[in-house]
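Inspection log for the structure reproduced underneath, given as structure tokens.
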Amino acid sequence: MDPYLLCGVFAVLCSLFFLQRRLSANSRRPLPPGPPAYIPWIRHAFQIPTERQWVKFNEWSRTYGKHHCLTVYIGDIMSVEALGQRYIILGSLKACTDLFDRRSSNFSDRPRLPMLNELSGGNWSFAFREYGSQWRDERRAFHKYMNITQVAQYRPKQLKEARAFLQRLLATPDRFYDLVRHTLGATIMNVVYAIETAEENDEYINKAEEALQTLSLAGNPTAYLVNTFPWLKYIPNWFPGAQFKRQAARWRQIAYEFVTNPLNHVKEEMRRGTARPSMALSLLEELADVPQEERAQRERIVANVAAIAYGGGADTTISALNTFFLAMAMHPGVVKRAREELDSAVGTQRLPTFEDEEHLPYITAICKEVMRWQTVTPLAVVHSSVQDDEYNGYFLPKGSVFFGNAWAIMHDPEVYPEPHSFKPERFLKAGRINPEVRDPTVAAFGFGRRICPGRWFSAQSLFITVASVLAAYDIRAPMDEHGRPIQLEAKMTTGVLSYPEPFQCIIVPRSKQAERLVREGAIEVE
Ligand code: HEM
Ligand SMILES: *[C@@H]1O[C@H](CO)[C@@H](O)[C@H](O)[C@H]1NC(C)=O
Ligand SMILES: *[C@@H]1O[C@H](CO)[C@@H](O)[C@H](O)[C@H]1NC(C)=O
Ligand SMILES: *[C@@H]1O[C@H](CO)[C@@H](O)[C@H](O)[C@H]1NC(C)=O
């Protein structure tokens with residue numbers, strides 16, 4: 001039979017099939033497919049795993065998420081439902097780009113979390129703000145000071161903190177987990193408020209850590225029923241079962257202090273004329289001509305926008321840096337090759353700086369592989385939709401919760417062969433970064449208009465810390481009682497942010513010379 005005719009007949013049959021479906025479904029398209037569920041309303045509530053959901057979602061995407069007609073994109077879109085809420089999981093970069101980027105005005109909202117936003121004072125953070133003008137103003141203000149050109153100004157402070165980190169490691173290498181946390185906190189406080197934090201028990205860092213802790217508790221949709229059933233927020237405080245409201249009142253106070261204390265410090269310095277350059281200072285200076293009646297409102301935006309650098313930047317970059325230590329302790333060959341590159345590009349007479357970056361493609365590749373190998377935010381941050389829409393013939397009801405499966409995109413074996421192995425060289429070709437290999441930033445920082453606005457700042461922090469540590473230290477797996485290296489495993493926690501579970505590693509100076517460079521490496525920055 002003539003192949004063209006065959007195609008024609010097939011096309012006609014296909015159209016008839018769709019026409020029939022369309023008419024019979026009362027012109028309502030099917031919802032994206034998912035695993036079978038039998039109990040109404042509860043639906044998949046007990047099938048969604050509590051650990052590493054992204055792995056199961058990826059499996060389901062591959063099983064159920066095939067498009068039902070001719071254009072087959074395996075793993076594109078699938079959905080589950082639990083307690084009346086529909087969750088739609090986008091399993092490929094194409095689906096994420098099609099919805100989050102190309103149709104960003106429909107898919108850039110966030111689900112409402114009343115415990116976090118309304119009760120616990122978490123609404124200082126525009127990361128959870130509904131899509132609209134307030135979000136847009138805050139994001140714009142933030143972007144102005146964190147955009148790709150602007151972040152170059154923060155390099156001296158990031159370098160200073162990276163050098164201080166090397167010194168802290170020399171004193172207490174076993175505490176690297178805490179030291180990473182302290183260093184990131186100190187960097188952000190310095191860049192955002194020009195606050196020099198104390199080595200131990202810093203009041204600002206402690207308050208910030210406390211505030212972030214409450215935020216992640218309050219944002220947990222399963223821990224607080226009010227996040228699922230918003231009307232619960234109206235029950236009075238004295239009512240049995242209303243502990244969550246009293247809890248929220250305490251958290252509101254913590255959030256308030258976290259957001260206002262450092263800004264008050266900057267205002268005080270301004271009054272005294274001793275304020276040093278910082279993001280908060282610039283934001284406040286912009287308010288010079290704002291009329292008095294608008295001032296309080298505008299100052300609150302400044303406080304919120306400044307605070308979010310800690311809120312969005314600390315825990316995420318900390319996770320990536322701990323993954324870096326884990327990867328190095330597991331892969332001595334990578335440490336060795338990185339060191340060879342550093343020795344030839346930088347030499348052994350000084351420590352690396354940002355100017356060396358273009359001569360350090362292997363270090364750059366390590367940073368990319370860290371972001372890919374253990375995705376910090378495996379399901380990015382949820383988006384929700386403001387309108388009914390449809391995709392690939394599926395109906396996407398308004399108010400659905402959308403996950404972009406960043407982990408699946410970063411572990412697609414077609415794009416990254418042997419996706420579970422840590423191999424920086426996958427990003428290199430002839431000694432340079434290969435632009436043909438998909439860059440992890442396409443998914444590691446989320447999607448569309450909500451994509452992480454701190455990604456350039458974070459890339460700088462990661463690069464300078466990784467390069468400095470590898471130039472100065474050897475990182476190895478710990479030994480067992482017979483003096484043999486223990487086989488470390490990459491075990492990650494479950495949550496919006498995924499961290500390596502606590503592990504040990506040996507961190508020692510590479511040489512006497514390296515130790516001397518660390519001791520002398522301190523930098524002063526105005
Ligand atoms: C390894 C480092 C980081 C990772 C993996 C990361 C990841 C993400 C992700 C996945 C989102 C949500 C995007 C979406 O909704 O699709 C996000 C949002 C955000 N991030 Fe980051 N981030 C990192 C570092 C930072 C840093 C250093 C800052 C600040 C200096 C920052 C500030 C923010 C803010 C303000 C938002 C909210 C954006 C919005 O809702 O409009 N992040 N980040
Ligand atoms: C946060 O919510 C409180 C109480 O609902 C409100 O008074 C405040 O103005 C909100 N803050 C922002 C920045 O929207
Ligand atoms: C980046 O920041 C600078 C300085 O604040 C600003 O002048 C510039 O307009 C910003 N660029 C973008 C693309 O927003
Ligand atoms: C949003 O959804 C509506 C309804 O399906 C659709 O017509 C519109 O094109 C979508 N908007 C964008 C920006 O894609």
Side-chain angles (χ1 to χ4, degrees), residues 27-29 31 88 95-110 112-154 191-192 211 215 218 226 230 233-234 245 248-249 251-256 258-260 263 277-286 294 296-309 311 383-400 402 447-449 451 453-457:
S27 80
R28 233 175 103 106
R29 300 296 179 94
L31 289 158
I88 298 178
C96 289
T97 318
D98 283 349
L99 297 190
F100 294 143
D101 288 296
R102 302 234 166 84
R103 303 189 199 167
S104 56
S105 47
N106 284 356
F107 293 97
S108 297
D109 202 12
R110 296 278 194 224
R112 303 290 173 265
L113 293 168
M115 182 64 182
L116 184 146
N117 271 320
E118 294 166 46
L119 300 175
S120 309
N123 61 347
W124 59 267
S125 167
F126 71 78
F128 309 106
R129 180 105 54 236
E130 62 197 73
Y131 185 64
S133 61
Q134 194 183 347
W135 166 81
R136 199 170 299 116
D137 290 347
E138 289 167 315
R139 185 160 168 127
R140 194 175 292 141
F142 184 86
H143 185 68
K144 192 166 166 196
Y145 294 98
M146 284 290 172
N147 68 46
I148 191 165
T149 39
Q150 188 65 17
V151 289
Q153 297 201 10
Y154 307 140
V191 165
V192 177
L215 208 60
V226 63
K233 71 186 175 204
Y234 298 114
K245 291 196 76 176
W251 288 353
R252 207 153 52 224
Q253 180 61 23
I254 295 172
Y256 177 80
F258 159 60
V259 172
T260 38
L263 197 76
S278 71
M279 175 173 162
L281 179 65
S282 309
L283 281 162
L284 284 172
E285 282 171 349
E286 278 185 43
E294 271 182 45
Q297 158 73 7
R298 295 284 300 273
E299 253 182 36
R300 203 178 56 216
I301 293 184
V302 167
N304 289 347
V305 166
I308 209 171
H383 292 220
S384 68
S385 56
V386 293
Q387 280 193 52
D388 288 347
D389 205 341
E390 69 166 71
Y391 182 61
N392 277 358
Y394 294 117
F395 178 61
L396 311 177
K398 163 184 169 169
S400 301
F402 289 80
F447 307 96
R449 287 191 196 167
I451 192 173
R455 59 197 186 280
W456 300 290
F457 184 80

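Indexing begins at 1, ligand by ligand and atom by atom, following the structure's order. Just so it is clear, the structure is predicted and the values come from calculations on it, not from any experiment.
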Open item on the list: Out of all atoms in ligand 4, which are within 4.0 Å of some heavy atom of S105? Include the element for each.
Closed with: 13 (C)
Open item on the list: Holding to ring pair (Phe, Tyr, Trp, His ring centres under 6.0 Å), I want the full list of residues that pass it with F457, two or more places apart in sequence or in another chain.
Closed with: none
Task: Interatomic distance, L113 atom CG to L215 atom CG [nearest 0.5 angstrom] - done: 9.5 Å
Task: Pair R449-S108, side-chain donor/acceptor within less than 3.5 Å - done: no
Task: Rounded distance (nearest 0.5 Å) linking atom CG of N106 with atom CG of L99 - done: 9.0 Å
Task: ligand 4 atoms in contact with N106 (distance to a heavy atom under 4.0 Å) - done: 1 (C), 2 (O), 3 (C), 8 (C), 10 (C), 11 (N), 12 (C)
TODO: Could I get the full list of ring pair (Phe, Tyr, Trp, His ring centres under 6.0 Å) partners for F402, not counting sequence neighbours?
DONE: F107
Open item on the list: When you compare ligand 4 with E390, is there at least one nitrogen or oxygen pair between them that comes in under 3.5 angstrom?
Closed with: no
Open item on the list: Suppose I only count heavy atoms of R300 and a 4.0 Å limit; which atoms of ligand 2 are within that range?
Closed with: 9 (O), 12 (C), 13 (C)
Open item on the list: Looking only at distances, can you tell me whether any N or O atom of E118, backbone or side chain, sits closer than 3.5 Å to an N or O atom of ligand 2?
Closed with: no
Open item on the list: Quick check: closest heavy atoms across E390 and R103, and the distance to 0.1 Å?
Closed with: O-NH1, 2.7 Å
Task: Given V302, V305, I308, the one that forms side chain to side chain contact (heavy atoms under 4.5 Å, CB included) with E138 - done: V305
Task: For ligand 4, the portion of R103 having any non-hydrogen atom under 4.0 Å away - done: both
When you pair each N or O of ligand 3 with protein N or O atoms, which pairs come out under 3.5 Å?
unit_1   : atom_1 : unit_2 : atom_2 : d
ligand 3 : 2 (O)  : K144   : O      : 3.0
ligand 3 : 2 (O)  : N147   : OD1    : 3.4
ligand 3 : 2 (O)  : N147   : ND2    : 2.5
ligand 3 : 5 (O)  : K144   : O      : 2.9
ligand 3 : 5 (O)  : Q150   : OE1    : 3.4
ligand 3 : 11 (N) : N147   : ND2    : 2.8
ligand 3 : 14 (O) : N147   : ND2    : 3.3

Task: Separation of E299 CD from T260 OG1 (nearest 0.5 Å) - done: 11.0 Å
Task: With sequence neighbours excluded, residues passing ring pair (Phe, Tyr, Trp, His ring centres under 6.0 Å) with F128 - done: none
TODO: With heavy atoms under 4.0 Å as the rule, classify the contact between N304 and ligand 2 as side chain, backbone, both or neither.
DONE: side chain
